Number of protein chains: 2
Amino acid sequence: MPRQQGASPSSTKAATLHDVARVAGVSLITASRALTKPSLVSDTTIERVQAAVQATGYIPNLLAGSLKSSRSRLIAGLVPALSVAQFLPTLQALTDVLDAAGYQLMLGQMRYDNSRQDALLNAMISRRVDGIVVTGLIGSEAVRRQVGQLGIPVVETWDLPENPTDMVVGFSHTAVGRAVAAYLVGKGYGRIGLATGDDHRAQLRRQGLLAGLGREVPTATVPAPSSLALGRRALGELLQQDPALRAVACSADQLAQGVVVEALARGLRVPEDLAVCGFGNADFSAHTVPTLTTVRVDGAAIGRRAGEMILARCRGETVPDRIVDVGFAIAQRESA
Amino acid sequence: MPRQQGASPSSTKAATLHDVARVAGVSLITASRALTKPSLVSDTTIERVQAAVQATGYIPNLLAGSLKSSRSRLIAGLVPALSVAQFLPTLQALTDVLDAAGYQLMLGQMRYDNSRQDALLNAMISRRVDGIVVTGLIGSEAVRRQVGQLGIPVVETWDLPENPTDMVVGFSHTAVGRAVAAYLVGKGYGRIGLATGDDHRAQLRRQGLLAGLGREVPTATVPAPSSLALGRRALGELLQQDPALRAVACSADQLAQGVVVEALARGLRVPEDLAVCGFGNADFSAHTVPTLTTVRVDGAAIGRRAGEMILARCRGETVPDRIVDVGFAIAQRESA
DNA sequence: CTGTTAGCGCATTCAT
DNA sequence: ATGAATGCGCTAACAG
């Protein structure tokens, strides 16, 4: 018995707070307070209002409440693309933190494109989001100014810029690059190559790696999002540049996995003939053969922390640490 | 020079449409129409209004517009969890389709928990979402009734129930199970095992597989989300149940990858000693060694189609095909 | 093509 | 502890 398409609600129109108040025999505002600020209302009226809510099937209209109070309880969550596995734990943790506080996340995909970032931010601001969490940085100077003027709290994540738009939760990518360089050199690998994505942060890690090594290295650059297939291709390119390559640093575990697969397919042993280091500590990295040496980053912690900072600012609190470094750690495993 | 935290906008309050109208020298409603229904307004006034928008830095308040028009241009997108890689292409395509039409996606994680599903739906309805897209089915009978009464369009996806809440875009999981059974039997594999997730859809595929085979099979059930590690564990369990196992059907490519890794680690050749079939055609499946035989499903098409159906209903159109079967195909590769 | 009027449903401000 | 009035910013419905 399919319901009538596009029809208005089957019977009468939806109940409003007005109806609840009438049924409960109290004024509009008392009903409102009973539901949102129970401490200001007597227990008996709370009960009567709640009974009226049940009776009427009342569902509050947050649009109206938001308009009046100028607080939408909506947070914008911006990612380059949902397919970037890297950011999923962050988004997941963020959504959970917000949900627990009665906030919802509006999702936006920026597509590594500044003009789209502009349009998206405008759409979010039009909805009067109470805060913005962006994975990566806000690239558009115009947008930075705009959110600054409007006083919208912003948390940039997964990076650690010197001049954040507002707040930031992340870590130093150049430090990661240096750490990986030091690790590989410490293991005695001389001929090192790099398989890297083309995004901003991967390039920072590249710079750190080169600085740590003190020289250029063979490099294969692949487009986002990183994948096993791209890793295989990258190793092919790197071996053309240096057939005697002994180690490959990768900008993502997906790439590292591909490099390993390609190496094994070419009859190279990992790590005896070729060492491989990834980045991100993906869920599979501890369980491949060989297990993947990688850089561990707590993406969920980034999301949680970002959510808490945004919520604190939404409550009007001052956040003492506007720049939070969650750090990273090299996870030593078999592949390097 | 950090901006003042929690401060109100740096200077005066934000411009409203009222200000725009005043600056442009037209009435409020004309300014509104110039921005949202330009066809009803003369070109010269459009220009003047747009100039006024620039001059005032006006950003529309969709909260107010939505309240008045009862159309929020907000769509709820519900997934069990963001970590279920399966659904990402669907969400990504859905977000793109909605964005192009000026709609935004509000993300919700249901956590395989009916009570949370209830609470989440309520939060979404409170915000007067214009539609709901859920990956999987709406489990709560109360919620189904509620959205039905409110006349909110709903698209359930990735399944093909006989009685959808409203609309559905998916495919038959029992048919997938039968197809996989037929494929493996056709290849001559006798002793077949199953590594499967514990979610509803995976169980439907299991039923199809068993029906196709006409008998029970050794089964290892793992919790969501599927991963390489769980696949390795599952193969261990299956080999305990039947050391002479010749083939394993998996409910996800992540599991299949783990089964392959574990098989190789135990000195089994794939597919000579053990054939493996996955599900979902993940991005890596065509590039592993050996490449993974799997079931191809067009997740992006599901998201696109779902978005189009929701948007059509938001425009008041009648959707002729309320039940859309996007089908599936077995991708024959090396592992089986 | 343009304008006037009248709210959408709720929360803030003041009163009692 | 409760209530009356007011308006958040915008758009639908009618005029002209």
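Just so we're on the same page: letters track the sequence lines, and every chain starts at 1. All values derive from a computational prediction rather than experimental measurement.
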- prompt: Any side-chain N or O of A:Thr30 less than 4.0 Å from the OP1 or OP2 oxygen of D:dT2?
  reply: no

statement: Reading nucleotides 10-16 of chain D from 5' to 3' and marking B where a protein heavy atom lies under 4.0 Å of the base, S where only the sugar-phosphate is that close, and - otherwise, the string is BBB----

message: Would the distance check show the side chain of A:Asp298 and the main-chain N or O of A:Ala301 forming a donor-acceptor pair, the cut-off being under 3.5 Å?
response: yes

message: Quick one: does any side-chain atom of B:Thr90 pair with a main-chain N or O of B:Gly299 as donor and acceptor, under 3.5 Å?
response: yes

message: Please determine whether a side-chain nitrogen of the Lys or Arg among B:Arg144 and B:Asp166 lies less than 4.0 Å from a carboxylate oxygen of the Asp or Glu.
response: no

- line: Students should find that the nucleotides of DNA chain C closing off the region near chain B, any atom under 4.0 angstrom from a heavy atom, are C:dC1 to C:dG9

- prompt: If we only count heavy atoms from C-beta on, is the A:Gln146 to A:Asn122 side-chain gap below 4.5 Å?
  reply: yes

- prompt: Are any side-chain N or O atoms of A:Gln117 and backbone N or O atoms of A:Gly139, one a donor and one an acceptor, separated by less than 3.5 Å?
  reply: yes

Residues from residues 39-46 of chain B lying under 4.0 Å of DNA chain C - heavy atoms: B:Leu40, B:Val41, B:Ser42, B:Thr45

- prompt: How would you list all residue pairs meeting side-chain hydrogen bond (donor to acceptor under 3.5 Å, both in side chains) that involve residues 47-69 of chain A, not counting sequence neighbours?
  reply: none

message: Using only atom types and a distance under 3.5 Å, with no angle test, would you say the side chain of A:Gln109 pairs donor to acceptor with the backbone of A:Leu82?
response: yes

- prompt: With side chains defined as the heavy atoms from C-beta onward, is the minimum distance between B:Val133 and B:Val169 less than 4.5 Å?
  reply: no

message: Going by side chain to side chain donor-acceptor pair (under 3.5 Å), name the residues that satisfy it together with A:Arg111, two or more places apart in sequence or in a different chain.
response: B:Asp96

message: Once side-chain contact (heavy atoms from CB on, under 4.5 Å) is applied, do any residues pair with A:Asp159, and if so which ones, sequence neighbours excluded?
response: A:Leu137, A:Pro161, A:His173, A:His200, A:Arg201, A:Leu204

